[in-house]
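These notes concern the structure reproduced below.
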Amino acid sequence: MSSKDRILGRIRRASANAPDAEIPRDYLQVHGTRTPAERVDLLAAHLAEYRALVHRTDGDGLPALLTRLLAERGARTVLVPPGLPPHWLAAAGPVLVPDRADSTPHELDLVDSVVTGCALAVAETGTIVLDAGPDQGRRRITLIPDHHICVIRVPDQVVDSVPQALPLLDPSRPLTWISGPSATSDIELDRVEGVHGPRTLEVVLVGRE
Amino acid sequence: MTGTYLGMPAFPEAAREAVRDEVLRANLRHATHTIRDKRARSVAELADWDRLRAAGKAVKDHTLRHLDRYLLQLEEAVTAAGGTVHWAADADEANRIVTDLVRATGEREVVKVKSMATQEIGLNEALEAAGIAAYETDLAELIVQLGHDRPSHILVPAIHRNRAEIRDIFRTEMGSWGRPAPEPLGDDPRELAEAARLHLREKFLRARVAVSGANFMVAETGTMVVLESEGNGRMCLTLPETLISVVGIEKVVPTFRDLEIFLQTLPRSSTAERMNPYTTMWTGLGPSRGADGDGPAAFHLVLLDNGRTDTLADETGRQALRCIRCSACLNVCPVYERAGGHAYGSVYPGPIGAILSPQLRGTGTEIDASLPYASTLCGACYEVCPVAIDIPEVLVHLRERVAQGGPVTRGGVRVTLRPADGRTAERATMRAARLLLDHPGALRAGERLLARARRLAPRRLPGAGRAWTDSRELPTVPAESFRDWWARERGDTQ
Ligand code: SF4
């Protein structure tokens, strides 16, 4: 008998008399009511609490802001996902490095910064979700460089809560949920940012105009 | 469960050692109190916490009732998305499967994301025996591994180490595993984290095989979910060409939507955060099948039984399988706080360990027979548990089992246990009692719970008292403890 059959047999014998349970779904879909502006404010506050650096601008101001942020970090090279709107980095100073399928982890490790969009953001938890869409690129490009700038279109890409976020996501895509920069509390529970993922997460909230 | 932990002294002796260790107790007290207080604030933010807790419990119970169906559905979905599913009845089989998979890649080293399941089966030791080096990449696990030590907490495995100890470990040990620690190295957590970053990055960038666990597996979609903070998980789950995940069969949930419950309750219960910094979800090889170099080109899922189906067969004890390993119960436990994680002789320490280990491993050894006594029954663990596992109820049930013997399932077969030899249970009870009498706070809490849980009290005394109660009825537990009555009647507390 295969282990699969053995395990399934044991399960069937063991669970035959187990109680079944209706799953109550009376928990809240949203915690509180907010206007779109309040939702964006809450996202910004929660991101900042986890020591992400939050900036706001509109479509016209975005290229100049990105240039400034990259310059402030001394970035000489910046990774660009294939579908990032070209005008976002039209004013950029650093050398643009397009992400290629065959770039090795070591090559990515030499790049200073990365700029991406996102799939959506969750205000209540201060979370950005990436789904490897064209303006976000492969998972690895937001992981290896030490500086990640993520652009969120507000208020359109912001939802209130986790229960609102899941139905908007496609589980067959690679999903990465990011809440603040990489952090550890393993040493005497002192929070330290930047262990393996980017040490600096900057979030740019771009208004409609 | 195997490996490092066997041959350990039973809980009472191990706890006595630990209680004497002042540094350890100070480290633990600081850590557990900090997390505990933060957690309470974070949970209070959600007005529907009780409803989320009830929903989480129900999802898990429902899944356990139909576990065969959901595992088959999961297998189908993972396979359809390009992954390969393996079934492992016990630790040996799981270790063999993983070793063979690593061998087939021709690699001699693997990077690991922290995983309780692989610790439970002693995978690192099995790989080492096969000539394969397994590198732990979670900072705390790295500290534990470099220190030739064992984890002492589910979430913060190096909770028993302070910064000076960690610096010393890094200085003396890092060099023999890879990139040495930078010199000079201070004991600032920032500096220590940086040393770990440099040491491990070298490994991440060259690793071709990774081993992980998972927090959840979604039957409906085949999606695997890993929650973490540092990014070492993302590194391991993304960069290597082959990914092998070893996951207990109880980690499956039916639908993608069910994650909305646990993504709210798990981070808040464990690290007291609204959300952990990183959550990675992947479904087989994804739509692009790894062709674009985003994620592994081969994915293997090893579904692990190793005593879980035996646990499932126990009507009272099966609720332990609801556990999502948040570790909240450790941080509120007065016994854990004083004894430390190592005293439990298992990868699962604290209250959950006291009910899970003796069920997964049986109560044949002295350590396992003593674990159900490693508690004051104060009930704090039940109060905080995000899936409402009634740990005190299971503890009392297991005590009865140890003392009186009775029917259990072992390897899928019904057997009747003989009562543990009197000395084991007797010593366990006596030590536990002394620990309590030394700590009036814990005793107070214990009495209060006992009053609330009267129906759960055993009808006969375990261990030494057993012969006596064979022919006598135990006095019933009063509805209210004397201390509570005194406080109510006299209006003052002590
Ligand atoms: S038993 Fe409950 S509180 Fe303890 S680790 Fe498991 S889920 Fe968390």
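Heavy-atom basis, side chains included; hydrogens, waters and symmetry copies ignored. We name chains A, B, ... by the order of the sequence lines, and we start the count at 1 in each one.
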Going through the checks in order, is the side chain to side chain contact (heavy atoms under 4.5 Å, CB included) test met by B:Glu228 and A:His196? CA-CA 11 Å; B:Glu228 50 128 4; A:His196 304 300; over 6 Å; no
If you count heavy-atom pairs under 4.5 Å between each of A:Gly126, A:Gly9, A:Pro19 and chain B, which one has the most? A:Pro19
Please identify, among B:Thr63, B:Asp68, B:Leu64, the residue contributing the most non-hydrogen atom pairs under 4.5 Å to chain A. B:Asp68
What is the minimum heavy-atom distance between B:His62 and A:Ala21, and which atoms define it? CB-O, 3.6 Å
Chain B: which of A:Val192, A:Asp190, A:Leu175, A:Val162 shares the most heavy-atom pairs with it under 4.5 Å? A:Leu175
Under the criterion side chain to side chain contact (heavy atoms under 4.5 Å, CB included), I'd like the reasoning laid out for A:Arg199 against B:Arg197: C-alpha separation, chi angles, the key distance, then a yes or no. CA-CA 11 Å; A:Arg199 249 180 286 231; B:Arg197 178 186 178 99; 3.2 Å; yes
A:Arg139 side chain to B:Thr238 main-chain N or O, any donor-acceptor pair under 3.5 Å? no
Top contributor to chain A interface from B:His30, B:Glu93, B:Glu45 [non-hydrogen pairs under 4.5 Å]: B:Glu93
Who wins among A:Val129, A:Thr104, A:Asp146, A:Leu108 for the most heavy-atom pairs under 4.5 Å with chain B? A:Asp146
Would you compute the distance between atom CD of B:Glu230 and atom OG1 of A:Thr184 and round it to the nearest 0.5 angstrom? 4.0 Å
In this structure, CZ of B:Arg65 is separated from CD1 of A:Ile11 (nearest 0.5 Å) by 12.0 Å
State, to 0.1 Å, how close A:Ala183 and B:Pro277 come at their nearest heavy-atom pair, and which atoms those are. CB-CG, 4.3 Å
Please evaluate residues B:Val413 and A:Arg10 with respect to the criterion side chain to side chain contact (heavy atoms under 4.5 Å, CB included), reporting the C-alpha separation (whole Å), side-chain torsions for both, the decisive distance (0.1 Å), and the verdict. CA-CA 8 Å; B:Val413 181; A:Arg10 287 179 187 174; over 6 Å; no
Working note: A:Glu49 + B:Glu273, criterion side chain to side chain contact (heavy atoms under 4.5 Å, CB included); need CA distance, chi angles, decisive distance, verdict. CA-CA 11 Å; A:Glu49 211 174 291; B:Glu273 294 167 304; over 6 Å; no
Specify which of A:Leu130, A:Leu28, A:Ile144 makes the most heavy-atom pairs with chain B at under 4.5 Å. A:Leu28
Segment of B:Ser229 engaging chain A (4.5 angstrom heavy-atom cut-off): both
Hey, what do you get for CG (A:Asp109) to CZ (B:Arg201), rounding to the nearest 0.5 Å? 5.0 Å
Less than 4.5 Å apart, any side-chain heavy atom of B:Arg257 and any of A:Arg25? yes
Taking the side chain as everything from C-beta on, heavy atoms only, tell me whether A:Leu166 gets closer than 4.5 Å to B:Leu259. yes
Worked check of side chain to side chain donor-acceptor pair (under 3.5 Å) between A:Asn17 and B:Glu315: CA-CA 8 Å; A:Asn17 65 348; B:Glu315 281 174 34; 2.7 Å; yes
Which one, B:His153, B:Arg318, B:Arg190, B:Glu75, leads in non-hydrogen pairs under 4.5 Å with chain A? B:Arg318
Neighbour count above 12 (heavy atom, 6.0 Å) for A:Arg76 CZ: no
What residue, out of B:Asp187, B:Leu239, B:Leu263, has the most heavy-atom pairs lying under 4.5 Å from chain A? B:Leu239
Looking at A:Gly180, A:Ser179, A:Pro198, A:Gly137, which one has more heavy-atom pairs under 4.5 Å with chain B than the rest? A:Ser179
Show the nearest heavy-atom pair for residues A:Arg6 and B:Ala89, with the distance to one decimal. NH1-CB, 4.4 Å
Using non-hydrogen atoms and a 4.5 Å limit, figure out which bit of A:Ala132 sits close to chain B: side chain, backbone, both or neither. side chain
Side chain to side chain donor-acceptor pair (under 3.5 Å) test vs A:Tyr27 passes for just one of B:Arg53, B:Glu260, B:Gln264, namely B:Glu260
B:Asp50 versus chain A, the contacting section by heavy-atom distance below 4.5 Å: neither
Does any backbone or side-chain atom of B:Ala77 lie under 4.5 Å from a heavy atom of chain A? Answer side chain, backbone, both or neither. neither
Mark yes or no for whether A:Thr125, through its side chain, and B:Arg274, through its backbone, hold a donor-acceptor pair below 3.5 Å. no
Only pairs of heavy atoms separated by less than 4.5 Å count here; which of B:Asp314, B:Thr271, B:Leu72, B:Leu227 has the most with chain A? B:Leu72
B:Glu220 versus chain A, the contacting section by heavy-atom distance below 4.5 Å: neither
Please check if the number of heavy atoms outside B:Arg163 that lie under 6.0 Å from its CZ is greater than 12. yes
Between A:Ser15 and B:Leu312 the two heavy atoms that sit nearest each other are CB-CD2, 4.0 Å
Rounded to the nearest 0.5 Å, how far does CD of A:Glu124 lie from CE of B:Met275? 10.0 Å
Starting at OG1 of A:Thr176, measure out to OH of B:Tyr278 and round the result to the nearest 0.5 Å. 9.5 Å
Residue pair A:Pro24 / B:Ala58: nearest heavy atoms and the distance that separates them: CD-CB, 3.5 Å
By a 4.5 Å heavy-atom criterion (distance strictly below it), what part of B:Thr223 contacts chain A: side chain, backbone, both, or neither? side chain
For A:Gln29, is it the side chain, the backbone, both or neither that has a heavy atom under 4.5 Å from a heavy atom of chain B? side chain
Contact origin within B:Ala196 toward chain A - heavy atom pairs under 4.5 Å: backbone
Could you walk me through whether B:Arg234 and A:Thr142 pass the side chain to side chain donor-acceptor pair (under 3.5 Å) check? CA-CA 10 Å; B:Arg234 292 182 65 194; A:Thr142 55; 2.8 Å; yes
Can you tell me how far the CG atom of B:Leu285 sits from the OG atom of A:Ser172, to the nearest 0.5 Å? 12.5 Å
Report the option among A:Ser161, A:Ser182, A:Pro105 that has the most heavy-atom pairs separated by less than 4.5 Å from atoms of chain B. A:Ser182
Please state whether the side chain, the backbone, both or neither of B:His66 comes within less than 4.5 Å of a heavy atom of chain A. side chain
Between A:Pro171 and B:Thr221 the two heavy atoms that sit nearest each other are CG-CG2, 3.7 Å
One option among B:Thr34, B:Leu67, B:Ile159 has the most heavy-atom pairs under 4.5 Å with chain A, and it is B:Leu67
When you compare the side chain of A:Ile7 with that of B:Leu303, does any pair of heavy atoms fall below 4.5 Å? no
